[in-house]
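Since the structure comes first, as structure tokens, the remarks are kept for the end.
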Protein chains: 2
Amino acid sequence: MKKTPHATLADVAREARVGTSTVSRVIRGGARVSPDTLERVRAVIRKLDYQPNDAARILKGERTKTIGLIVPSVADPFFAICAEAAQETSRSHGFLLIVTCSNNDPRVELENLNKLVQRRVDGLLLAPAASRNEELVQILNRASIPVVSFDRPIHDSLIPSVVSTNFKGAKEATRHLISHGYKRIVCLGMKGEDSLYTNKERIRGYRTAMQEANLPPKVDVSINNYESAELALKAYLYGVNPPDAIFAIRNLLTIYIFEALHKLRVRIPKKVALVGFDDFQLASTVNPSITVVKQEMELMGKMAAELLFEQLTLKHQSSSKMTNGADSSGVRWLETELIVRESCGCRSNSSFNSPRK
Amino acid sequence: MKKTPHATLADVAREARVGTSTVSRVIRGGARVSPDTLERVRAVIRKLDYQPNDAARILKGERTKTIGLIVPSVADPFFAICAEAAQETSRSHGFLLIVTCSNNDPRVELENLNKLVQRRVDGLLLAPAASRNEELVQILNRASIPVVSFDRPIHDSLIPSVVSTNFKGAKEATRHLISHGYKRIVCLGMKGEDSLYTNKERIRGYRTAMQEANLPPKVDVSINNYESAELALKAYLYGVNPPDAIFAIRNLLTIYIFEALHKLRVRIPKKVALVGFDDFQLASTVNPSITVVKQEMELMGKMAAELLFEQLTLKHQSSSKMTNGADSSGVRWLETELIVRESCGCRSNSSFNSPRK
DNA sequence: CTGAAAGCGCTTACAG
DNA sequence: CTGAAAGCGCTTACAG
């Protein structure tokens, strides 16, 4: 008995009195092996509880059958849902998924990326902290590892991406508020996140709509957490020229703001209207129900993963550009949808107001 | 120029005109290498953009520095938060985290487990589908891989676990409802999940409290999704002997039920009271705010991961039993907390009712 | 159908 | 401080 916790292929070969090549063939399906031998080797494999060591296979040049995922946070419902979809797609292809979190910090992101490269993942799914990152693109190119970015594109690269129509969605949401007659619409974001592609696009959409209507845009991206949301709202609502509507550009923030308004006993939409970006559980059930711009979260994760596997499959074939459904910069756009509920000032409409699935 | 996308250690050695051992030493910190050589080798590493191939290291017997995680779903907020904590702890130890989902299916779980064993993960974090699973325990023992289970223990094994006091929390919640004077309290669960350890414990807690009060327990674990929640509630509320209180034993279910009651315009708690298991975003803000049994989700993930790394560290040292904080069966209990809000019938109390962090 | 042998890219005594 | 060489556990021509 060896000390090793795992039996090796050589152990099996010895026990079955065959060569290692034969055992290898058996493991890989049993082609070109006589029924007798096949049977015997399989029995030994079972007896020894033999599990091939992936490291050796990988070293021989096989694929690692591993995908790397880099997201800001898996605790964020948005990325949790994307991650689940990516893991499911990976599993269906027989791949494993390594999940890392960047916290939107480019340095952490790069660290994670390097680790994944050392691990020789076959492909990478990435929601990049910054849409411009030469170093990242360079590493990706040098490692020549297939990548798909999602939620946010990577500029100046040929990296395909799956991205929601953030600009359009935000513009539409803002226009909707404007159509209600609100004039002092403030756009709220979270601290340190205003440089994220998605938030920039949403802010740009907001600004565009405001400018079109000749209204003064006001953007505040100083909110940190629930407490600071409450503080900011107090300052706004009890200050001079208080806003009559709020556009919250991200899932958690909408909830914080709703909670804070609720606690401050501020009437929505009478005193201030509210529209959020990202739909969420209970958005249709709270009082008032919350109007939001909805993204296709699950589809985003799934599509990104499937795009990656397309590349993986095509990798050794013709390097066709694979632009199906993508625009000239390689972006697949996922349509957002304005879900009109009550917080924007629309009347309650039970048919619009039923809970989601 | 080789065809390989990655430079190898030998490439570096050749280019730097040193032996491979020296390069290896440089990579591993540079001990016992002259400053000159160190400098030169490092320059070449940079120039060639050399990244060690983990597979080769692993094959040489080094640890994979990888933890495997098996959860029912990462899209579930509970496990998403656990996963985030586990990933963060792993990262702080320089480890990568492979995330797999079992969907609570023991077969999928076993598949994932085998894949992770082949990958030679150094440790495993597991929320097991079933608390009794001989095959699983056997594989774990044979692979002699350190494991920590969480959310649910694994019986008949020495596997340490981190588990909430589900029984106690459910009993307390039910007692609270009883203390309000409710007599017909129904316990609702989701289809196919009644065999899960956590749900069994919660149901047991409910039953115990009911029996203590000489009330007839009624358990219904047939709910599939939002629609079936609505259907079930209709049947209950418009049927004979309708319940006057509901105990929902799981996060999503509480939300479904709240949404359905809301849609059916059933007054809470006047017509039926509601207590849920698991706190969630907006639970304190909806109207009425929802009384829940709260679990320490983040702590659970973190503690499980830390326990695992303790084992990893101690592995080659004395195999002391490591029972700090654990009971005789190796379970660390995490206290649940009843967060009293309005849906149980308690009066609104703003100090109890402020949004969480 | 079968097996001996080379080699994947590292690490690690060992000898200098 | 340095390097030649063996070996980790597989796969894969190659020869039989």
Side-chain angles (χ1 to χ4, degrees), chain A residues 2-42 44-45 48-66 115 117-122 143, chain B residues 2-42 44-45 48-66 115 117-122 143:
Chain A
K2 282 217 305 195
K3 275 287 155 218
T4 348
H6 298 279
T8 69
L9 185 143
D11 294 336
V12 175
R14 200 178 313 119
E15 183 87 11
R17 314 200 144 275
V18 295
T20 55
S21 332
T22 302
V23 178
S24 184
R25 277 184 214 109
V26 172
I27 295 165
R28 305 182 66 82
R32 303 201 300 131
V33 177
S34 76
D36 273 18
T37 319
L38 191 63
E39 186 57 34
R40 191 151 37 94
V41 172
R42 284 206 172 130
V44 175
I45 286 176
L48 262 45
D49 192 43
Y50 170 71
Q51 297 270 20
N53 185 334
D54 282 343
R57 292 178 157 182
I58 293 165
L59 195 53
K60 281 302 294 182
E62 297 235 321
R63 297 186 303 179
T64 57
K65 291 206 162 200
T66 308
K115 285 240 170 90
V117 169
Q118 284 192 208
R119 206 52 70 90
R120 302 292 189 264
V121 294
D122 294 320
Chain B
K2 282 216 303 190
K3 274 287 154 218
T4 348
H6 298 279
T8 71
L9 187 142
D11 295 336
V12 176
R14 198 178 313 119
E15 183 88 11
R17 316 202 141 272
V18 296
T20 56
S21 334
T22 301
V23 179
S24 183
R25 278 185 212 107
V26 171
I27 295 165
R28 306 183 64 84
R32 303 201 300 131
V33 176
S34 76
D36 273 20
T37 319
L38 191 62
E39 186 58 34
R40 190 150 36 93
V41 174
R42 284 205 171 129
V44 175
I45 287 176
L48 263 45
D49 192 44
Y50 169 70
Q51 297 271 19
N53 184 334
D54 281 342
R57 291 179 157 180
I58 292 164
L59 195 54
K60 284 298 295 180
E62 296 232 322
R63 296 186 302 179
T64 56
K65 291 206 163 200
T66 308
K115 285 241 171 89
V117 169
Q118 285 192 207
R119 206 53 71 89
R120 301 294 189 264
V121 295
D122 293 320

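What's counted below: heavy atoms across the whole structure, side chains too, no hydrogens, waters or symmetry copies. We name chains A, B, ... by the order of the sequence lines, and we start the count at 1 in each one. Given the structure is predicted, the values throughout are model-derived calculations rather than measurements.
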query: Regarding A/Arg119 and B/Thr66, is there a side-chain donor-to-acceptor distance under 3.5 Å anywhere?
result: yes
- prompt: Given the rule in the side chain to side chain donor-acceptor pair (under 3.5 Å) test, do B/Thr37 and B/Ser34 qualify, once you have shown the distances and angles that lead to the verdict?
  reply: CA-CA 5 Å; B/Thr37 319; B/Ser34 76; 2.6 Å; yes
query: Where each residue is assigned the nucleotide of DNA chain C containing its nearest heavy atom, which of B/Tyr50 and B/Arg25 is assigned the position nearer the 5′ end?
result: B/Tyr50
message: Is it the case that C/dA4 (base atoms only) and A/Ser21 (side chain only) share a donor and an acceptor within less than 3.5 Å, ignoring hydrogens and angles?
response: yes
field: Value in whole Å for how far the P atom of D/dG9 lies from CD of A/Gln51
entry: 15 Å
query: In whole angstrom, what separates B/Arg40's CZ from D/dT2's C1'?
result: 11 Å
query: Can you check the A/Asp54 CG to D/dT11 P distance for me, whole Å?
result: 10 Å
query: Expressed in whole Å, how much space separates the P atoms belonging to D/dA13 and D/dG9?
result: 23 Å
- line: Pairing partner of C/dA4, by Watson-Crick or G-U wobble and under 3.5 Å for both distances, is none
- line: B/Ile58 atom CD1 is separated from C/dC8 atom C1', nearest whole Å, by 14 Å
message: So if I take every side-chain heavy atom of B/Ala56 and compare against C/dG9, C/dT11, C/dG3, which nucleotide ends up nearest?
response: C/dG9
message: Quick one, B/Glu62 with B/Arg28, criterion salt bridge (Lys or Arg N to Asp or Glu O under 4.0 Å). Give me CA distance, side-chain angles, the key distance, then yes/no.
response: CA-CA 13 Å; B/Glu62 296 232 322; B/Arg28 306 183 64 84; 3.1 Å; yes
- request: Show your working on side-chain contact (heavy atoms from CB on, under 4.5 Å) between B/Lys115 and A/Lys65 and close with a plain yes or no.
  value: CA-CA 11 Å; B/Lys115 285 241 171 89; A/Lys65 291 206 162 200; over 6 Å; no
query: Should the pair B/Glu15-B/Arg40 be classified as a salt bridge under the 4.0 Å nitrogen-to-oxygen rule?
result: no
Verdict with reasoning, B/His6 to B/Asn53, per side-chain contact (heavy atoms from CB on, under 4.5 Å): CA-CA 9 Å; B/His6 298 279; B/Asn53 184 334; over 6 Å; no
message: Rounded to whole Å, how long is the line connecting atom CZ of B/Arg120 with atom P of D/dC8?
response: 14 Å
query: For A/Arg57, which contact category applies under a 4.0 Å heavy-atom criterion: base, sugar-phosphate, or nothing?
result: sugar-phosphate
field: Minimum-distance nucleotide (side-chain atoms of B/Thr8 versus D/dT2, C/dC1, C/dG9)
entry: C/dG9
query: Please give, in whole Å, the distance from C/dT12 P to B/Leu9 CG?
result: 12 Å
query: Given that B/Thr22 and B/Gly61 both sit by DNA chain D, which one's nearest nucleotide is further toward the 5' end?
result: B/Thr22
message: Could you tell me how far D/dT12 sits from D/dG16 if I compare only their C1' atoms? Round to whole Å.
response: 16 Å
statement: When B/Arg17 and A/Lys60 are each assigned the nearest nucleotide of DNA chain D, the 5'-most assignment goes to B/Arg17
message: Nearest whole Å is fine: how far is C/dC1 C1' from A/Glu39 CD?
response: 17 Å
task: Please work out if B/Thr37 contacts a base, only the sugar-phosphate, or nothing of the nucleic acid, heavy-atom cut-off 4.0 Å.
output: sugar-phosphate
query: Quick one: A/Glu62 CD to D/dA13 P, roughly how many Å, whole number?
result: 11 Å
message: Counting only side-chain heavy atoms from C-beta out, which of D/dT11, C/dG9, C/dT11 sits nearest to B/Asn53?
response: C/dG9
query: Watson-Crick or G-U wobble partner for C/dA13, using a 3.5 Å limit on both distances?
result: none
